[in-house]
Amino acid sequence: MRFGVFDHNDASGRPPARQIAERLDLVQAYERLGYRAYHMAEHHGTPLGITPSPHLMLAAASQRTHALRLGTLISILPLYHPLRVIEEACTLDQLTGGRLDLGVGRGISPIETGFHGVPGDQAQDRFNEAFEILRAGLTAEVVDFHGKYYQIDGAPVVTRPVQRPLPLWYGTRTLDRALWCARLAMPMMALVPSERVRPLTDAYRAEWAAQGRAETDLPPLGITRSVVVADTNEAAMAIANRAFVRFRSNFEHLWRRFDVPLPAVLSADTYEGIHATGHFYAGDPAGARAWVARHRDVGGINYMALELCFGDMTAAETLRSAELFATEVMPAFAS
């Protein structure tokens, strides 16, 4: 099992410049504490993300870190021209010295893609074309493509990535996409409750083996979950419940403003309610060890990306949680 950090960087109520500076300090702490990677979400026109360009944030983080992998979960491909994504990905991989993990997807919110002129019913087709171009551009020196949405004639790719191949990550809820990820040897994040993760990871492993690859060479197969660890269960839950009020408001903001049905992501109205289902965790390190083991065994995963900071959590609260998890939970899964 390996552990990374996932971050929406949603609005905390603090000034944006202060919050961004705090986040970059935390990224340095995550590296010091031994987390594998820092993954940023991408959202637009919503307090769910105050840094809507994760590539810019990762560029800043690249200059403060040396070993921590930096990535997106995800970059919304339909919102960019594919050549721009190729160029930015190659630049980020150079800035990080070969530490970029580029997560890609179509985006969860048709409201957000609509702001950028991409109707929700076009997002998947646009993603499919953009992904094909991206894969070509990360390995070829010239890109040619002729599709419904993109026409590219002999475009040179001058800056090359350090990593060959550059890792492309994908989040999915479906068996078809799990098999697709396995065929392409892509790290996969399962975007479902843990009892529904196992069919995806089992399908991935079966296809991986069918491709003649060894189990020991599996890439990350993971989930994202919110976690708050403190010295006592009561202290952790108090922080989580308080911070979740603002996070939930940030999450629901656009959907309620435009009267669009909310996606079935948050399973209860309170953090404590979600904790009761086992999906999120707030408590002491001993409970966190048992919680991780359950998700590993139920879901068949080898990776967790933890949302350690959300809502109005302070930098000090987040750092203490990250320290406790790194020193008292992660070593139990090091083997």
Side-chain angles (χ1 to χ4, degrees), residues 1-10 12 19-43 48-51 54-75 92 96 99-103 167 169 171 187-191 219-230 236 239-240 243-244 247 271 279-282 285 288-289 291-292 295-296 301-331 333-334:
M1 281 288 292
R2 299 293 300 276
F3 300 91
V5 177
F6 172 68
D7 195 5
H8 282 96
N9 202 14
D10 65 305
S12 66
Q19 182 172 328
I20 291 169
E22 289 174 348
R23 277 307 204 278
L24 290 171
D25 288 343
L26 285 169
V27 170
Q28 289 181 283
Y30 300 146
E31 175 171 84
R32 184 180 73 249
L33 291 167
Y35 289 90
R36 178 193 180 277
Y38 176 72
H39 309 270
M40 283 211 77
E42 177 180 346
H43 287 284
L48 186 57
I50 70 162
T51 44
H55 302 169
L56 286 177
M57 191 73 169
L58 296 182
S62 75
Q63 302 306 290
R64 294 185 177 216
T65 55
H66 304 282
L68 186 75
R69 297 191 66 82
L70 301 171
T72 55
L73 279 178
I74 47 80
S75 297
L92 281 170
T96 60
R99 291 182 285 131
L100 179 64
D101 286 332
L102 185 67
W169 292 51
M188 179 187 76
M189 301 299 285
L191 307 178
L221 304 179
I223 55 177
T224 61
R225 297 289 185 268
S226 295
V227 177
V228 179
V229 183
I239 293 168
F244 185 73
F247 175 82
Y271 194 100
H279 193 72
F280 290 172
Y281 178 79
R289 289 192 293 271
W291 176 80
V292 170
H295 281 285
R296 176 199 62 195
I301 59 171
N302 61 16
Y303 189 68
M304 294 185 81
L306 309 170
E307 185 148 33
L308 295 172
C309 190
F310 54 88
D312 66 359
M313 283 183 71
T314 67
E317 290 168 340
T318 304
L319 181 58
R320 181 58 177 160
S321 181
E323 288 172 340
L324 285 171
F325 194 94
T327 58
E328 299 193 33
V329 180
M330 283 162 50
F333 301 92

(request) Using the side-chain contact (heavy atoms from CB on, under 4.5 Å) rule, take Ser226 and Tyr271 through it: C-alpha gap first, then chi angles, then the decisive distance, then the call. (result) CA-CA 9 Å; Ser226 295; Tyr271 194 100; 3.8 Å; yes
(request) Go through Thr65 and Arg99 one step at a time and tell me if the side-chain hydrogen bond (donor to acceptor under 3.5 Å, both in side chains) criterion holds. (result) CA-CA 10 Å; Thr65 55; Arg99 291 182 285 131; 2.9 Å; yes
Just how far is it from atom [atom1] of [X] to atom [atom2] of [Y], taken to the nearest 0.5 Å?
X: Thr51; Y: Ile20; atom1: OG1; atom2: CD1; answer: 6.0 Å
X: Ser75; Y: Leu58; atom1: OG; atom2: CG; answer: 8.0 Å
X: Asp7; Y: Tyr38; atom1: CG; atom2: OH; answer: 3.5 Å
X: Leu48; Y: Phe310; atom1: CG; atom2: CZ; answer: 13.0 Å
X: Leu70; Y: Leu100; atom1: CG; atom2: CG; answer: 8.0 Å
X: Tyr281; Y: Met304; atom1: OH; atom2: CE; answer: 12.0 Å

(request) State whether Phe333 and Arg296 meet the cation-pi test: NZ (Lys) or CZ (Arg) under 6.0 Å from the six-membered ring centroid, and within 45° of the perpendicular axis. (result) no
(request) Could you label the plane-to-plane angle of the His279 and His295 rings as parallel, tilted or perpendicular, counting under 30° as parallel and over 60° as perpendicular? (result) perpendicular
(message) Would you call the rings of Tyr35 and Phe325 parallel, tilted or perpendicular, taking 30° and 60° as the class edges?
(response) parallel
[X] versus [Y], closest heavy-atom pair with distance:
X: Leu26; Y: Ala315; result: CD2-O, 4.0 Å
X: Leu308; Y: Ser321; result: CD2-OG, 4.3 Å
X: Ala243; Y: Asp312; result: CA-OD1, 3.2 Å
X: Tyr303; Y: Gly4; result: OH-CA, 3.3 Å
X: Met1; Y: Ile301; result: SD-O, 3.6 Å
X: Thr318; Y: Cys309; result: OG1-SG, 3.2 Å

(message) Just checking Arg69: does its CZ atom have more than 12 heavy atoms from other residues, nucleotides or ligands closer to it than 6.0 angstrom?
(response) yes
So, do [X] and [Y] sit near enough that their side-chain heavy atoms are less than 4.5 Å apart?
X: Asp101; Y: Arg36; value: yes
X: Trp169; Y: Pro219; value: no
X: Val228; Y: Met313; value: yes
X: Arg32; Y: Glu323; value: yes

(request) Evaluate the side-chain contact (heavy atoms from CB on, under 4.5 Å) criterion for residues Met189 and Phe6: first the C-alpha distance (whole Å), next the side-chain angles of each, then the deciding distance (0.1 Å), finally the verdict. (result) CA-CA 12 Å; Met189 301 299 285; Phe6 172 68; over 6 Å; no
(message) Quick one, His55 with Leu102, criterion side-chain contact (heavy atoms from CB on, under 4.5 Å). Give me CA distance, side-chain angles, the key distance, then yes/no.
(response) CA-CA 10 Å; His55 302 169; Leu102 185 67; 4.3 Å; yes
For [Y], does its backbone N or O pair with a side-chain atom of [X] as donor and acceptor, under 3.5 Å?
X: Asn9; Y: Gly49; result: no
X: Ser62; Y: Ala59; result: yes
X: Gln19; Y: Ser12; result: yes
X: Glu42; Y: Thr72; result: no

(request) Kindly determine whether Asp25 and Arg64 satisfy side-chain contact (heavy atoms from CB on, under 4.5 Å), including the steps that lead there. (result) CA-CA 9 Å; Asp25 288 343; Arg64 294 185 177 216; 3.0 Å; yes
(message) Could you check whether Glu31 and His66, counting side-chain N and O atoms only, form a donor-acceptor pair closer than 3.5 Å?
(response) no
